[in-house]
Amino acid sequence: MVVLVSPEPEGAGRLRVLDAGSSERISDHTTADLAGWIASYEAEHQPRWVFPATDELYPALLDAGVRVARCHDLTLTEGILLAHDGRHGTPRNPLAAWARLHRAPEPPDRPPPARDAQPALFETDQRLVLLDQAEEVYRDQLQRIDAIDRMRLLVAAESAGALAAAEMTYHGLPWNEEVHRALLVDMLGPKPAPGARPAKLAELADRIIAAFGGYALNPDSPPSVVRAFARQGIEIPSTRAWVLREVDHPAVEPLLEYKELARMWTAHGWTWIDSWVHGGRFRPEYVVGGVVSGRWATRGGAALQLPKALRTAVRALPGWSLVVADAAQLEPRILAALSEDRRLAEVSADIDLYASLAADSFDGDRGRAKIAMLSAMYGGTSGGAGPLLAVLRKRFPQAVGHVEQAAAAGEQGLMVRSVLGRTSPRPSERRLELMGATEESSLQKSRQASREWGRFTRNFVVQASAADWALVLLVTLRRRLAETAPKAEIVFYQHDEIMVHTPADQAETVTAELLAATEETTHLVFPGTPVKFPLDLSTVDRYSDAK
DNA sequence: TGCCCTGGCGCC
DNA sequence: AAAGGGCGCCAGGGCA
């Protein structure tokens, strides 16, 4: 069964049941208790729910204790299909999609909610998506999906990902606030009065000023630091840490320490705790498909940038465990599978791909092997990467050719796609103009603009395909855990890493499901590939102990 | 005062 | 070790 859902204010809604195979209409329903209706229908039929926007509806369902297994998200699907046509940025909300079918004015997408806005239960504004509209858009999307190879898998994964994202926010990451506070006191000193610097930072600021001969400066202000060095006859292009490290001056050491601590204070200090940790859980909001490559973003809390030093605050509850799975060296393996490079596939059989690559082509020098591979995937040539890349190209022509072709496409302003069909945006008008410039005077800038975009598309094919693979892994795992370890909670997902919080006696089941899900994912995304995708797996009490 | 840009740095 | 690709967040600082 397929059930179209039209949420209405105050928890009410309308629904339309379609036959999954024939798509014939079976029945219409009106209810004042949408969550209750969905709960009982889910228990009996497990249909595919068609939601206008999962992130607007599903959190309220979860609050009401309702989980669903499968959905089709009209908004996310529209976004992927538009992007496939080179129409990034076109409004993707279902009313806009409906309007396009009727050549009517398209309402713009809603801007993301303000940070402190508390959404009302089942909030829909004035933007009700009627059942007839949802049905038309859904049927249109099905046709467009069927016309594109592999698109069915991509939109199914994206939609299931939206369910997983809302569930992760609902569960939250188990966060031990006391541990975090103790860590802050240890690093920064006691919590300062409002407006004051923590003691350690104040002390370091004094040391920095003393090292500059007592001349006042603000270490938080890069220009002020550059000026201070200039007064001493030291010219630096910026105050980046790796620039400062090359400078021989007594202010460098306290400055570097200051930067590190200041970062912890401003980005993950006491204010962060008050804003983001409640009831022992850190609840960031994930933005599915928030990055063009299909990686997720987060809204608030910087959840995808948790400093390693803070991971000790992520602790399983008593009697529970954290199962942490990290896809080892995912991107080069993705490149091996994408390009169908036999020899690179053989190299990927080793759990340490770079060591294996080093043994194969770089006289066992793992560091050089890694630089070569990264420069192939990212387009870098500094640090002597050029000759190393040449070695790689000679030995793995198919793999290197694959990314170089993507780079060439980008330099010509063409779009490239991930393995499942997620599509890169076109360069902006401004950049296209620059790239096409032929006057002698702007040739240099023109080439630079083209090269930059080539680096972007070169990386896009790998990063976006890795995001495809990881997303399918996430939703495959979610489906399997619902069957075999229903108490286990997926609590964190970060590009190539998944964390499950589970009753300790289920940890082995979770681990087995992760391995099985990885096999299943690889067969789905890269059917028949010989490339191996090993996981680094740990079962721990605290995140910092993983790996 | 609020808005927007930049530099810098955390993660992958 | 960084760089080369992708992000989000914060403080400073210029401007209206």
Side-chain angles (χ1 to χ4, degrees), chain A residues 112 115 195 197 201 217-227 236-246 255-256 258-269 271-272 275-276 284-287 289-311 326-332 334-335 366-368 370-386 388-389 403 406-407 410 416 418 422 424-425 451-467 469-470 492-498 536 543:
Chain A
R115 229 217 220 190
R197 273 195 183 116
L201 283 178
L217 86 165
N218 178 2
D220 289 320
S221 164
S224 133
V225 173
V226 170
R227 281 197 301 272
I236 48 172
S238 73
T239 66
R240 290 192 160 84
W242 60 271
V243 171
L244 291 182
R245 260 181 225 114
E246 302 300 311
L255 252 177
L256 290 172
Y258 183 95
K259 279 167 173 286
E260 205 179 312
L261 295 183
R263 169 88 194 173
M264 182 61 73
W265 178 43
T266 57
H268 290 99
T271 310
W272 183 90
S275 306
W276 296 106
E285 209 179 313
Y286 296 89
V287 185
V291 181
V292 287
S293 66
R295 281 183 172 184
W296 291 8
T298 56
R299 216 165 4 235
L304 300 185
Q305 295 103 254
L306 284 185
K308 294 216 160 114
L310 218 53
R311 296 184 176 183
D326 185 307
Q329 299 141 353
L330 180 59
E331 294 196 343
I334 291 289
L335 175 57
R366 189 179 183 281
R368 289 167 66 221
K370 189 171 173 180
I371 289 171
M373 183 54 83
L374 292 184
S375 80
M377 294 188 301
Y378 294 158
T381 50
S382 60
L388 300 178
L389 181 55
V403 281
V416 296
S418 74
R422 201 181 300 264
S424 71
R451 287 238 179 83
E452 280 172 12
W453 201 254
R455 278 202 295 277
F456 169 64
T457 51
R458 170 196 292 266
N459 181 247
F460 184 95
V461 292
V462 178
Q463 187 186 113
S465 300
W469 185 91
F492 196 53
Y493 169 60
Q494 174 175 251
H495 312 316
D496 60 0
E497 187 178 355
I498 297 175
D536 283 324
Y543 187 18

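Proteins come first, then strands; the chains are lettered A, B, ... in the order of their sequence lines, and each starts at number 1.
- Residue A/R263 has no polar side-chain atom (N or O) positioned under 4.0 Å from OP1 or OP2 of B/dG10.
- Look at CH2 on A/W272: it is 13 Å from C1' on B/dG10, rounded to the nearest Å.
- Backbone-only contact: A/T266 has heavy atoms under 4.0 Å from sugar-phosphate atoms and none from a base.
- Using bins of under 30°, 30° to 60° and over 60° for the plane-to-plane angle, the ring pair A/F460/A/F456 lands in the perpendicular bin.
- A/L374 comes within 4.0 angstrom of a base, heavy atoms only.
- Proximity note for A/Q305 (side chain, C-beta onward) versus C/dG12, B/dC11, C/dG6: the nearest is B/dC11.
- In this structure, the nucleotide among C/dC7, B/dG7, B/dG10 sitting nearest to the side chain of A/V292 is C/dC7.
- Shortest non-hydrogen contact noted between A/F492 and A/Y286 is CD1-OH, 3.4 Å.
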Checklist entry - So what does the secondary structure string of DNA chain C come out as, 5' to 3', with Watson-Crick or wobble pairs under 3.5 angstrom, [ ] for crossing and | for pairs with another strand? => result ....||||||||||||

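- Distances shown here put a side-chain N or O of A/K308 below 4.0 Å from the OP1 or OP2 atom of B/dC12.
- Stacking here means ring centres nearer than 5.5 Å and ring planes tilted less than 30 degrees, and by that measure A/Y378 does not stack onto C/dG4.
- Here the C1' atom of nucleotide B/dC12 and the CG atom of A/D536 are 14 Å apart, to the nearest Å.
- For A/N459 and C/dG4, the shortest distance from a side-chain N or O to OP1 or OP2 is not below 4.0 Å.
- Where A/R295 and A/A302 meet DNA chain C, the nucleotide closest to each residue was compared, and A/R295 sits on the side nearer the 5' end.
- In terms of phosphate contacts, A/K259 brings a side-chain nitrogen or oxygen within less than 4.0 Å of OP1 or OP2 of B/dC9.
- Candidate nucleotides B/dG10, C/dG6, B/dG8 were compared by shortest atom distance to the side chain of A/F456, and C/dG6 ranks first.
- Residues from residues 237-245 of chain A with heavy atoms under 4.0 angstrom of DNA chain C, sorted by number: A/W242.
- In this structure, CD of A/E497 is placed 16 Å from C1' of C/dC7, rounded to the nearest angstrom.
- When the side-chain nitrogen and oxygen atoms of A/S224 are compared with OP1 and OP2 of C/dG12, none of them lie within a distance under 4.0 Å.
- Base orientation of C/dG4: syn, since the glycosidic angle falls within 90° of 0.
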